[in-house]
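The next block holds one structure in the form of structure tokens; read it before the comments.
Chain letters run A, B, ... following the sequence lines, proteins first and then strands; every chain starts at 1.
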Amino acid sequence: MPTAFEGWDGTPAAARAMQAELASQVRLRDGFRKPLRTVAGFDVGFEDAGRTTRAAAVLLDADSLQVLESRCVRIPTSLPYIPGLLSFRELPALLQVLDALSQTPDLALLDGQGIAHPRGLGVAAHFGLATGVPSIGVAKKILTGSGPEPHDTRGAYTALRHDGRQVGWLLRSKLHCRPLVVSPGHHVAMASAADLVMRWVTTYRLPEPTRLADRLASRRDDR
DNA sequence: GCGACAG
DNA sequence: ATCTTGTCGC
């Protein structure tokens, strides 16, 4: 299993410095195969009062949304949750569950931020950089930045801005529901992110890939 | 110094 | 994230 943080001394300060460095390597240009054939959703949950970390991955056909494969892995939790350092806590399990898939997805959707992060490296961006798999962050809440409320129309979105530049979108994936925070990770253009996510939204607030991964990681089913 | 703070 | 049932409302 490759360590996601080669040379990290374990301190939060070093983690932040590493994020700033890695963020400069993120590429905001569509770098995925077109047309997309597969998309996978990833999420992490915890058991045993947090002592065990569980990561789930669900691979879908990008057009039919048919589930092709579901995987789940468990490893000991290594770090507590620290705002801004989520990837250092969740990436090890996420990389393992990616390896558990029989095929690499053309695109990955992760629960959390892409570049809409204090130093530009949310868990989705870090995952994309570490794996080379194009990624998008689909979060339920803002971590950094702000933007106007999108109209209450399915598919409406507005720009999320931070430090004077756009870092993502506020996307009304479902009528009368709080908008999702969508931000590109690695190898996905800002202009593509929101439309891509809407492609896999059906009748729920979350797009199918992460919604299904959520269910697996959060206890409801297994396998 | 005082809040804010993905999962 | 997680502990937890029913309930009000679009």
Describe the nucleic acid contact of [X] in one word from base, sugar-phosphate, nothing, applying a heavy-atom distance below 4.0 Å.
| X | answer |
| --- | --- |
| A/G137 | nothing |
| A/G122 | base |
| A/V181 | nothing |
| A/I142 | sugar-phosphate |
| A/L94 | nothing |
| A/Y81 | base |

Round to the nearest Å and state the distance from [X] atom [atom1] to [N] atom [atom2].
| X | N | atom1 | atom2 | answer |
| --- | --- | --- | --- | --- |
| A/R51 | C/dT2 | CZ | C1' | 13 Å |
| A/L91 | C/dA1 | CG | P | 18 Å |
| A/K174 | C/dC10 | NZ | C1' | 9 Å |
| A/L143 | C/dA1 | CG | C1' | 15 Å |
| A/L79 | C/dA1 | CG | C1' | 15 Å |
| A/R119 | B/dA6 | CZ | C1' | 12 Å |
| A/R215 | C/dA1 | CZ | P | 15 Å |
| A/D43 | B/dA6 | CG | C1' | 11 Å |

Per-nucleotide pairing state of DNA chain B [Watson-Crick or G-U, under 3.5 Å; [ ] pseudoknot-crossing; | other strand]: .......
Plane angle bin for A/Y157 and A/W169 - parallel if under 30°, tilted between 30 and 60°, otherwise perpendicular: perpendicular
Check ion pair A/D63-A/R199 (N to O, under 4.0 angstrom): yes
A/R172 bridged to A/D152 by N-O distance under 4.0 Å: yes
Smallest separation among heavy atoms of A/P118 and A/L143, with atom names: CD-CD2, 3.6 Å
Phosphate contact (C/dT2 OP1 or OP2) by A/S218 side-chain N/O below 4.0 Å: yes
Any A/K140 side-chain N or O less than 4.0 Å from OP1/OP2 of C/dA1: yes
Side chains of A/T53 and A/E90, donor plus acceptor under 3.5 Å: no
Short side-chain to backbone donor-acceptor contact, A/T210 and A/L109, under 3.5 Å: no
Donor-acceptor pair, side chain of A/D106 and main chain of A/T38, under 3.5 angstrom: yes
More than 12 heavy atoms of other groups within 6.0 Å of A/Q25 CD: yes
Earlier contact from the 5' end, DNA chain C, for A/D214 and A/H176: A/D214
NZ or CZ of A/R89 within 45° of A/F46 ring axis and under 6.0 Å: yes
Check: A/F127 ring centre within less than 6.0 Å of A/H186 ring centre: no
Strand DNA chain C as a dot-bracket string - pairs counted if Watson-Crick or G-U with both distances under 3.5 Å, | where the partner lies in another strand: ..........
